[in-house]
Participant: 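Structure provided below as structure tokens; questions to follow.
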Amino acid sequence: MSVPTLSDAKRAQLIISALKARDGSYSPYSNFRVGAALLAEDETIVLGANVECASYGGTICAERTAIVKGVSDGHKRFNGLAVSSDVDGPISPCGICRQVLREFCPLDMPILLVPSNYSSSTQTVSATEALQKEGEDILVLTSMGEMLPLSFGPSNLDKPNP
């Protein structure tokens with residue numbers, strides 16, 4: 001699956017926004033800050049950070065925070081996502097976040113997995129290439145479809161049910 005490109009300016013803006021979004025994290029239990037920047041169809045960038053809870057099951061990830069904020073502000077379609085943490089390497093959304101993102105994001109939507117030490121010289125690789133470079137400081141460019149293959153989404157509910 002090919003990943004649509006973002007303009008260099010929009011890509012840089014999403015990356016910087018995801019790194020900045022970590023500052024909103026409330027993570028006193030794990031000390032694992034995560035930030036997400038979601039590009040709405042109208043070019044608005046919605047920030048999200050993880051919010052932990054003493055009852056761990058009540059914790060919400062940065063990606064879902066961004067989706068909930070965006071949808072509650074009237075955005076229903078998104079065209080890009082960047083995710084970062086304090087780890088010197090890329091991290092990817094958990095399974096629940098991937099499914100929630102699938103509800104509002106096209107399968108070909110570009111997703112940037114940003115290392116905490118990102119710089120303009122950080123190498124960009126595909127998800128497949130990232131598997132060979134585990135632990136390296138890389139920026140992963142993937143898509144919703146690559147992250148959640150054979151996914152179940154809104155269009156599945158439109159199929160005939162005998």
Side-chain angles (χ1 to χ4, degrees), residues 3-107 109-125 127 130 134-144 146-148 151 153:
V3 179
T5 57
L6 296 165
S7 71
D8 289 343
K10 194 53 65 180
R11 176 181 156 140
Q13 190 178 13
L14 271 178
I15 290 169
I16 290 166
S17 296
L19 291 166
K20 179 183 183 310
R22 295 175 305 179
D23 293 339
S25 173
Y26 175 75
S27 48
Y29 308 107
S30 71
N31 294 310
F32 190 82
R33 299 183 319 151
V34 180
L38 194 57
L39 178 64
E41 208 167 42
D42 70 354
E43 301 291 309
T44 299
I45 294 180
V46 181
L47 302 184
N50 57 321
V51 178
E52 294 181 350
C53 179
S55 168
Y56 295 139
T59 295
I60 185 167
C61 301
E63 302 89 336
R64 283 183 287 143
T65 298
I67 281 282
V68 168
K69 284 173 64 177
V71 170
S72 66
D73 284 345
H75 304 287
K76 302 289 190 289
R77 301 298 300 162
F78 300 92
N79 295 328
L81 172 68
V83 180
S84 185
S85 72
D86 289 325
V87 174
D88 287 345
I91 62 159
S92 66
C94 73
I96 294 170
C97 287
R98 291 175 192 211
Q99 188 62 53
V100 173
L101 288 164
R102 173 65 178 92
E103 185 74 17
F104 301 97
C105 304
L107 291 172
M109 183 186 82
I111 297 175
L112 300 161
L113 307 178
V114 185
S116 66
N117 58 352
Y118 173 82
S119 74
S120 59
S121 63
T122 300
Q123 180 185 13
T124 301
V125 300
E134 190 173 331
E136 292 185 35
D137 299 336
I138 53 175
L139 172 74
V140 178
L141 174 60
T142 187
S143 69
M144 189 71 248
E146 284 182 326
M147 292 193 70
L148 195 62
S151 66

Participant: Which atom pairs, donor and acceptor, lie under 3.5 Å between side-chain atoms of residues 73-85 and protein residues at least two apart or in another chain?
Facilitator:
| from | atom 1 | to | atom 2 | distance (Å) |
| --- | --- | --- | --- | --- |
| Ser84 | OG | Val114 | O | 3.2 |
| Ser85 | OG | Val87 | N | 3.0 |

Participant: For residues 52-71, run the donor-acceptor check on the side chains, cut-off 3.5 Å, and write out each pair with its distance to 0.1 Å, sequence neighbours left out.
Facilitator:
| from | atom 1 | to | atom 2 | distance (Å) |
| --- | --- | --- | --- | --- |
| Glu52 | OE1 | Tyr29 | N | 2.9 |
| Glu52 | OE1 | Ser30 | N | 3.1 |
| Glu52 | OE2 | Ser30 | OG | 2.2 |
| Thr59 | OG1 | Cys53 | N | 3.2 |
| Thr59 | OG1 | Tyr56 | O | 3.0 |
| Thr65 | OG1 | Ala49 | O | 3.0 |
| Thr65 | OG1 | Cys61 | O | 3.0 |
| Lys69 | NZ | Leu47 | O | 2.8 |

Participant: First locate atom CG of Asn117, then atom CG of Asp88, and finally report the distance between them rounded to the nearest 0.5 Å.
Facilitator: 4.0 Å
Participant: Output all residues satisfying side chain to side chain contact (heavy atoms under 4.5 Å, CB included) with Glu103, sequence neighbours left out; order by chain, then residue number.
Facilitator: Pro154
Participant: Quick one: list whatever passes salt bridge (charged side-chain N to carboxylate O under 4.0 Å, His left out) with Lys20, sequence neighbours left out.
Facilitator: none
Participant: Distance-only, no hydrogens or angles: does the Asn50 side chain make a donor-acceptor pair with backbone N or O of Ser27 under 3.5 Å?
Facilitator: no
Participant: Output a table of donor-acceptor pairs, distance under 3.5 Å, between side-chain atoms of residues 93-102 and any protein atom two or more places apart or on a different chain; print 'none' if there are none.
Facilitator:
| from | atom 1 | to | atom 2 | distance (Å) |
| --- | --- | --- | --- | --- |
| Arg98 | NE | Pro93 | O | 2.7 |
| Arg98 | NH1 | Met147 | O | 2.7 |
| Arg98 | NH2 | Ser92 | OG | 2.9 |
| Arg98 | NH2 | Pro93 | O | 3.2 |
| Gln99 | NE2 | Phe152 | O | 2.7 |
| Arg102 | NE | Ser151 | OG | 2.6 |

Participant: Among residues at least two apart in sequence or on other chains, which ones pass side-chain hydrogen bond (donor to acceptor under 3.5 Å, both in side chains) with Ser121?
Facilitator: Ser119
Participant: Apply side-chain contact (heavy atoms from CB on, under 4.5 Å) to Val125 and Val140, showing your working.
Facilitator: CA-CA 5 Å; Val125 300; Val140 178; 4.2 Å; yes
Participant: If the condition is salt bridge (charged side-chain N to carboxylate O under 4.0 Å, His left out), which residues does Asp23 pass it with, not counting sequence neighbours?
Facilitator: Arg33
Participant: Please collect all side-chain hydrogen bond (donor to acceptor under 3.5 Å, both in side chains) contacts where either partner lies in residues 6-19, sequence neighbours excluded, each pair once.
Facilitator: Lys10-Gln13, Lys10-Glu43, Arg11-Thr124
Participant: Return the CG to CD1 distance between Leu38 and Ile111, rounded to the nearest 0.5 Å.
Facilitator: 9.5 Å
Participant: Roughly how far, to the nearest 0.5 Å, is CD1 of Ile15 from CG of Leu113?
Facilitator: 10.5 Å
Participant: How far apart are the C-alpha atoms of Phe32 and Ile91, what are their side-chain angles, what is the distance that settles it, and do they pass the side-chain contact (heavy atoms from CB on, under 4.5 Å) test?
Facilitator: CA-CA 11 Å; Phe32 190 82; Ile91 62 159; 4.1 Å; yes
Participant: Please enumerate all residues that pass side-chain hydrogen bond (donor to acceptor under 3.5 Å, both in side chains) together with Asp42, with sequence neighbours excluded.
Facilitator: Thr44
Participant: Write down the atom of Gly35, the atom of Ala21, and the distance for their closest heavy-atom approach.
Facilitator: CA-CB, 3.8 Å
Participant: Looking only at heavy atoms, which two atoms of Leu19 and Pro115 are closest? And how far apart?
Facilitator: CD2-O, 3.9 Å
